[in-house]
Amino acid sequence: MTPTLNDGTSNTTTTVPPSENDLREPLLTNEEFGTIVEENDNDCTNEKPLVEKKDVMSANPAAAASTDEDSQGLVVTFLLMVVVGSVNKIFFKLQTVPMYNYPNFLNLMNCFLFVPICFAYIIPVAKYGLPGATANGERIRPITEEHMNMSKKPFAIMGLLDGCSMILQTFASINLPGPLLILLPQAAIPISMALSRKIMGETYAVSQYIGATIVAMGIVTVLMPMFTDSGASDHQELRCVAYDMEDNCYICEDETNANACLSHMDELSGQVMCQWTSDVSGAAEDNDDAANSSLFWSGIMILSCIPMTLSSIYKELALGGENNGMMELDPVFLNGWVALFQFMFALVLAVPAGMASEPPVEPQDLPQNLWDGFKCYTGTGSIFTGCHPDDHCSTEAALFVNIYLGVNLIYNLLVVLILKYGSSNILYLASTIMVPVGNLAFTLPFMPDPSVLRITDILGLAVIMLGLSVYRFGQDIVNKLSNGAAVANGDSSAGDNDDATTVAYVEFLDDESSSSTTINNNTSFAE
């Protein structure tokens with residue numbers, strides 16, 4: 001049984017690389033030839049479908065041409081996955097720039113989006129079946145009356161776990177720079193391994209333990225400046241500071257010279273609003289507060305991996321039972337009900353989340369905050385003082401939020417296509433490439449508030465990439481090297497074993513595995 005992982009920015013649940021237990025299970029159903037590839041304890045297969053497939057292909061040029069077209073389509077899908085996935089990660093952060101004061105509205109909107117979309121498919125298909133799809137003269141009904149009447153408790157549990165993860169990630173994304181939103185969720189790898197081993201009794205290859213350890217070391221490297229830089233910066237530099245930080249913070253903080261700083265005057269009192277100062281104690285205190293805030297929200301982002309991983313494990317248990325009818329569920333039906341419960345739990349969680357936000361939103365002020373968030377989304381700001389006024393509502397709010405929502409839907413579709421027609425390794429490769437692409441994109445000068453790469457950021461990224469590569473592809477490489485050495489030494493069976501191992505490790509997924517790819521409305525992230 002293979003545990004699943006959610007991509008924090010992607011709203012999608014995907015299967016993690018197989019554990020050692022998975023390598024001994026029958027993994028590939030060859031529907032074209034009616035055979036099942038099964039690996040026994042001696043690393044031999046009962047049949048050799050790869051050889052048979054080559055023979056049939058050579059005798060059937062049309063089948064070979066079809067396979068080439070499928071391969072080309074998979075390459076295009078892979079490239080689109082990298083591009084769309086990277087854009088998805090970037091706009092997950094960018095949407096929070098104009099919506100800084102309204103994380104609860106942003107979270108509820110992201111959760112709610114999938115409800116009408118999914119049920120616009122569920123209701124007519126449940127009543128009339130798929131249009132144009134018939135079997136034995138009758139319309140195909142992937143959603144039956146039995147499905148509609150089934151217990152919704154499993155969907156509620158999935159929605160609760162996904163809702164907890166989503167709200168933690170959304171609030172963390174408001175307060176963390178873009179690169180951390182991509183790197184920190186990789187903590188889901190060691191967390192998922194620990195929880196899967198505890199709950200499901202999974203065992204993993206040595207390379208996966210090594211890879212997860214390296215990933216954890218990379219995350220510590222990225223967070224190190226938050227422990228060491230507090231109060232250590234050069235605070236002797238002059239800067240523009242507001243006398244009243246609550247009302248005039250934004251006005252003063254962007255000024256870079258004394259004349260511009262001191263030019264801000266209160267229209268009523270005539271007093272100067274900003275000071276050009278090198279107040280060491282005040283600056284150091286501000287720096288300490290900023291470092292502590294970043295460390296806190298980094299912890300929240302890592303904490304979000306726990307309900308995200310538990311949700312993935314529960315989905316695997318609920319969907320993976322041999323006698324469990326949920327395996328026959330239409331994926332849109334599953335996604336729609338999970339999204340509905342996730343939205344309902346998000347409404348409840350909005351109250352404590354609002355009180356924990358910066359600045360806090362009291363329960364009695366939450367309806368007004370949500371309404372102001374909607375107004376910002378439609379282009380009208382409500383907050384014009386403090387460090388984060390609604391200056392970008394009219395120009396960027398709807399644009400960034402809508403781009404993210406649209407790209408996220410496309411990304412979810414591409415995930416399903418890759419899992420349905422390709423392999424999980426292709427998905428892992430694309431996800432691995434997205435990490436440095438998305439991370440470095442936030443440093444580009446045209447980005448809003450571009451990040452500055454420090455040496456620890458570069459080292460942390462390199463270490464995390466190494467850990468991801470070892471975790472996801474290490475065992476496959478070891479298998480190929482060992483089989484290559486065996487072939488060089490004259491072991492004629494090594495090539496067959498390599499084919500069997502490759503089939504088992506790559507794990508081509510059939511229609512059932514695509515059904516377990518569920519939209520979490522979790523943007524996302526550990527891929």
Side-chain angles (χ1 to χ4, degrees), residues 4-13 88-89 91-93 95-96 99-114 156-192 194-195 219 222-223 226 292-315 338-339 341-361 363 366 369-370 373 404 408 518-527:
T4 54
L5 273 183
N6 172 267
D7 166 10
T9 59
S10 67
N11 300 348
T12 304
T13 296
N88 185 59
K89 293 176 181 293
F91 275 91
F92 177 68
K93 171 58 183 178
Q95 67 172 342
T96 67
M99 302 291 292
Y100 182 93
N101 296 306
Y102 312 107
N104 259 323
F105 173 81
L106 202 58
N107 179 57
L108 290 170
M109 184 175 182
N110 287 335
C111 292
F112 178 75
L113 171 71
F114 293 94
I157 295 175
M158 297 174 192
L160 173 61
L161 293 171
D162 291 343
C164 290
S165 177
M166 177 65 173
I167 199 166
L168 291 174
Q169 291 176 359
T170 300
F171 275 74
S173 69
I174 292 283
N175 297 280
L176 290 176
L180 286 182
L181 296 181
I182 295 178
L183 296 179
L184 294 180
Q186 306 309 319
I189 289 177
I191 291 174
S192 70
L195 292 177
I219 292 174
V222 171
L223 296 178
M226 299 182 192
N292 292 334
S293 176
S294 296
L295 190 59
F296 171 78
W297 289 111
S298 295
I300 292 296
M301 177 59 73
I302 294 174
L303 182 65
S304 73
C305 296
I306 295 178
M308 180 175 70
T309 301
L310 289 174
S311 174
S312 298
I313 292 174
Y314 180 79
K315 288 180 178 117
V338 173
F341 282 107
Q342 182 176 339
F343 175 72
M344 294 168 61
F345 283 116
L347 285 172
V348 177
L349 293 172
V351 175
M355 297 178 67
S357 63
E358 298 177 2
V361 177
L366 182 58
N369 180 263
L370 293 176
Y404 167 71
N408 187 255
T518 60
I519 298 173
N520 269 353
N521 308 320
N522 211 343
T523 116
S524 173
F525 296 57
E527 296 188 335

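- The OG atom of Ser173 sits 8.5 Å away from the CD atom of Gln169 when rounded to the nearest 0.5 Å.
- The line from CD1 of Ile300 to CD1 of Ile167 is 11.0 Å long, rounded to the nearest 0.5 Å.
- Scanning for ring pair (Phe, Tyr, Trp, His ring centres under 6.0 Å) contacts around Tyr314 gives an empty result, with sequence neighbours left out.
- One distance of note links CG of Leu310 with OG of Ser192; it measures 10.5 Å at 0.5 Å rounding.
- With Ser298 as reference, Leu223 is the one residue of Ile219, Leu223, Leu183, Val222 to meet the side-chain contact (heavy atoms from CB on, under 4.5 Å) rule.
- Here the options are Leu184, Asn175, Leu180, Ile174, the test is side-chain contact (heavy atoms from CB on, under 4.5 Å), and the partner is Trp297; only Asn175 passes.
- Closest approach of Cys111 to Ala346, counting heavy atoms only: SG-CB, 4.2 Å.
- Nearest heavy-atom pair, Ile306 versus Leu195, reported as atom, atom and distance to 0.1 Å: O-CD1, 4.3 Å.
- Across all their heavy atoms, Asn104 and Ala353 have their closest contact at OD1-CB, 4.1 Å.
- Atom CD of residue Gln186 and atom CD1 of residue Ile191 lie 11.0 Å apart, to the nearest 0.5 angstrom.
- Looking at residues two or more places apart in sequence or on another chain, you find no ring pair (Phe, Tyr, Trp, His ring centres under 6.0 Å) involving Phe345.
- Tyr100 is linked by a ring pair (Phe, Tyr, Trp, His ring centres under 6.0 Å) to His388, counting only residues two or more places apart in sequence or in another chain.
- Of the possible polar contacts, none joining the Lys89 side chain to the Leu181 backbone as a donor-acceptor pair under 3.5 Å is found.
- Between the Ser311 side chain and the Leu161 main chain, no donor and acceptor come within less than 3.5 Å of each other.
- If you take CZ on Phe341 and CD1 on Ile157, they are separated by 10.0 Å, rounding to the nearest 0.5 Å.
- A pairwise comparison of heavy atoms in Cys305 and Ala188 identifies SG-N, 3.7 Å as the closest pair.
- No donor-acceptor distance shorter than 3.5 angstrom exists from the side chain of Asn107 to the backbone of Pro103, with no hydrogens or angles considered.
- Using a 4.5 Å heavy-atom threshold, the side chains of Asn110 and Gln95 count as touching.
- The two residues Phe171 and Ser357 make their nearest non-hydrogen contact at CE2-CB, 3.6 Å.
- Ring geometry for Tyr404 versus Phe92: interplanar angle of 30 to 60°, hence tilted.
- Inter-residue side-chain proximity for Met109 and Phe112 is flagged as unmet; no heavy-atom pair is nearer than 4.5 Å.
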| query | Run the side-chain contact (heavy atoms from CB on, under 4.5 Å) check on Asn408 and Phe114 step by step: do they pass? | reply | CA-CA 11 Å; Asn408 187 255; Phe114 293 94; 3.3 Å; yes

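- No side-chain heavy atom of Leu106 sits less than 4.5 Å from a side-chain heavy atom of Tyr102.
- Looking at every heavy atom in both residues, Met355 comes nearest to Pro360 through O-CB, 3.5 Å.
- If you take CE on Met301 and OG1 on Thr170, they are separated by 8.5 Å, rounding to the nearest 0.5 Å.
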